[in-house]
**Q** 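Sending over a structure as structure tokens; questions will come in a sec.
Treat the numbers as computed from the prediction; the structure is a model and nothing was measured.
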Amino acid sequence: QVQLVESGGGLVQAGGSLRLSCAASGLYFSTSTMGWFRQAPGKEREFVSAIRWSGGVTYVVDYADFAKGRFTISRDNPKNTVSLQMNSLKPEDTAVYYCAACRGGFSSPSCRNGVDYWGKGTLVTVSS
């Protein structure tokens with residue numbers, strides 16, 4: 001049984017930082033594509049970032065345009081965790097952030113082939 005459990009959400013002022021973490025279990029983590037999505041009130045869920053295994057010990061990262069230069073995704077394979085460091089946060093970053101195990105592997109950048117498993121989400125609120 002696959003479980004993805006997010007943590008690290010909260011309230012932060014604009015310009016501040018938060019670090020989200022996702023603990024994964026029940027899947028072969030080191031070769032799984034792991035991603036982050038978000039859903040703001042009244043909006044559709046959207047892709048934020050993903051990290052894909054490209055062979056050996058090499059990984060490739062993908063970012064949505066709004067995340068480039070501000071967010072950094074990383075993974076710790078021995079701990080089966082994936083993290084999202086978010087800096088220079090803006091009020092428009094307010095959303096529920098979801099951890100995802102994406103399908104398609106290296107050939108599926110930005111989780112474009114879909115998501116196999118979702119976490120329950122963690123709320124990030126950025127005040128102005």
Side-chain angles (χ1 to χ4, degrees):
Q1 181 182 358
V2 176
Q3 284 192 315
L4 304 175
V5 180
E6 303 95 337
S7 61
L11 174 64
V12 64
Q13 288 189 329
S17 299
L18 278 177
R19 185 176 181 86
L20 306 182
S21 291
C22 171
S25 60
L27 72 167
Y28 197 72
F29 185 79
S30 63
T31 59
S32 295
T33 294
M34 301 301 298
W36 289 94
F37 287 72
R38 71 183 187 182
Q39 187 167 17
K43 295 188 176 181
E44 293 188 352
R45 194 171 298 190
E46 63 179 349
F47 171 78
V48 177
S49 182
I51 183 165
R52 297 176 280 140
W53 181 62
S54 61
V57 294
T58 306
Y59 293 84
V60 174
V61 296
D62 306 304
Y63 294 102
D65 285 345
F66 63 79
K68 291 177 181 177
R70 299 191 300 130
F71 295 1
T72 302
I73 191 170
S74 61
R75 64 194 297 156
D76 185 335
N77 289 339
K79 294 183 179 179
N80 279 17
T81 59
V82 58
S83 298
L84 185 69
Q85 176 67 41
M86 304 186 295
N87 299 328
S88 301
L89 284 162
K90 306 173 181 179
E92 53 262 44
D93 293 318
T94 294
V96 178
Y97 284 72
Y98 296 91
C99 180
C102 303
R103 67 175 64 114
F106 178 72
S107 63
S108 178
S110 304
C111 300
R112 67 184 181 190
N113 284 1
V115 173
D116 285 325
Y117 303 101
W118 294 99
K120 292 184 178 181
T122 186
L123 177 62
V124 172
T125 303
V126 184
S127 62
S128 57

**Q** In the structure I gave you, are the side-chain heavy atoms of L4 and M34 within less than 4.5 Å of one another anywhere?
**A** yes

**Q** Identify the two heavy atoms, one from D62 and one from P109, that lie closest to each other, and give their separation to 0.1 Å.
**A**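 Scanning both residues completely, I find the closest heavy atoms to be OD2-CA, 3.6 Å.
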
**Q** When you compare the side chain of M86 with that of V124, does any pair of heavy atoms fall below 4.5 Å?
**A** yes

**Q** Any donor-acceptor pair under 3.5 Å linking the side chain of Y59 with the backbone of S74?
**A**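 No; judged by distance alone, with no hydrogens or angles, the pair does not exist.
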
**Q** Between D76 and F29, what is the shortest heavy-atom contact and its length?
**A**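 Between these two residues, the closest heavy atoms are O-CE2, 4.0 Å.
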
**Q** Closest heavy-atom contact between V61 and I73?
**A** CG1-CG2, 3.6 Å

**Q** Ignoring hydrogens and geometry, is there a side-chain-to-backbone donor-acceptor pair from T94 to V126 under 3.5 Å?
**A** yes

**Q** Contact between W36 and V82 at the side-chain level, heavy atoms closer than 4.5 Å - yes or no?
**A** yes

**Q** Are any non-hydrogen side-chain atoms of R19 and S83 less than 4.5 angstrom apart?
**A** yes

**Q** Measure the spacing between OG of S32 and CD1 of I51 and express it to the nearest 0.5 Å.
**A**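 Going from OG on S32 over to CD1 on I51, the span is 12.0 Å.
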
**Q** Can you give me the closest heavy-atom contact between Y98 and G119, atom names plus distance?
**A**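 Nearest pair, atom of Y98 first, then G119: CD2-O, 3.5 Å.
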
**Q** Any side-chain heavy-atom pair from T81 and S21 closer than 4.5 angstrom?
**A**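 They are not in side-chain contact.
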
**Q** Please find the pair of heavy atoms, one from R112 and one from S107, that lie closest to each other, and give the distance.
**A**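 Heavy-atom minimum between the residues: NH2-O, 3.3 Å.
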
**Q** So, do F66 and E46 sit near enough that their side-chain heavy atoms are less than 4.5 Å apart?
**A** yes

**Q** Just jot down the ring-ring contact (aromatic ring centres under 6.0 Å, His included) partners of F47, sequence neighbours excluded, or say none.
**A**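 Applying ring-ring contact (aromatic ring centres under 6.0 Å, His included) to F47 gives F37.
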
**Q** Would you say the side chain of F71 lies within less than 4.5 Å of the side chain of D93, judging by non-hydrogen atoms?
**A**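 They are in side-chain contact.
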
**Q** Using distance only, find each side-chain donor-acceptor pair of residues 5-16 under 3.5 Å and give its atom names and separation, not counting sequence neighbours.
**A**
from : atom 1 : to   : atom 2 : distance (Å)
E6   : OE1    : K120 : N      : 3.2
E6   : OE1    : G121 : N      : 2.9
E6   : OE2    : C99  : N      : 2.8
E6   : OE2    : G121 : N      : 3.1

**Q** Do you know the tightest heavy-atom contact between S88 and R70?
**A**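 Between these two residues, the closest heavy atoms are O-NH1, 3.0 Å.
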
**Q** Y97: which residues meet the ring-ring contact (aromatic ring centres under 6.0 Å, His included) condition with it, sequence neighbours left out?
**A** none

**Q** I need the R75 CZ to N80 CG distance, nearest 0.5 Å.
**A**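 Going from CZ on R75 over to CG on N80, the span is 9.0 Å.
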
**Q** Could you tell me if the side chain of T33 sits less than 4.5 Å from the side chain of F106, heavy atoms only?
**A** no

**Q** Output yes when a side-chain donor or acceptor of S108 lies under 3.5 Å from a complementary backbone atom of G105, and no otherwise.
**A** no

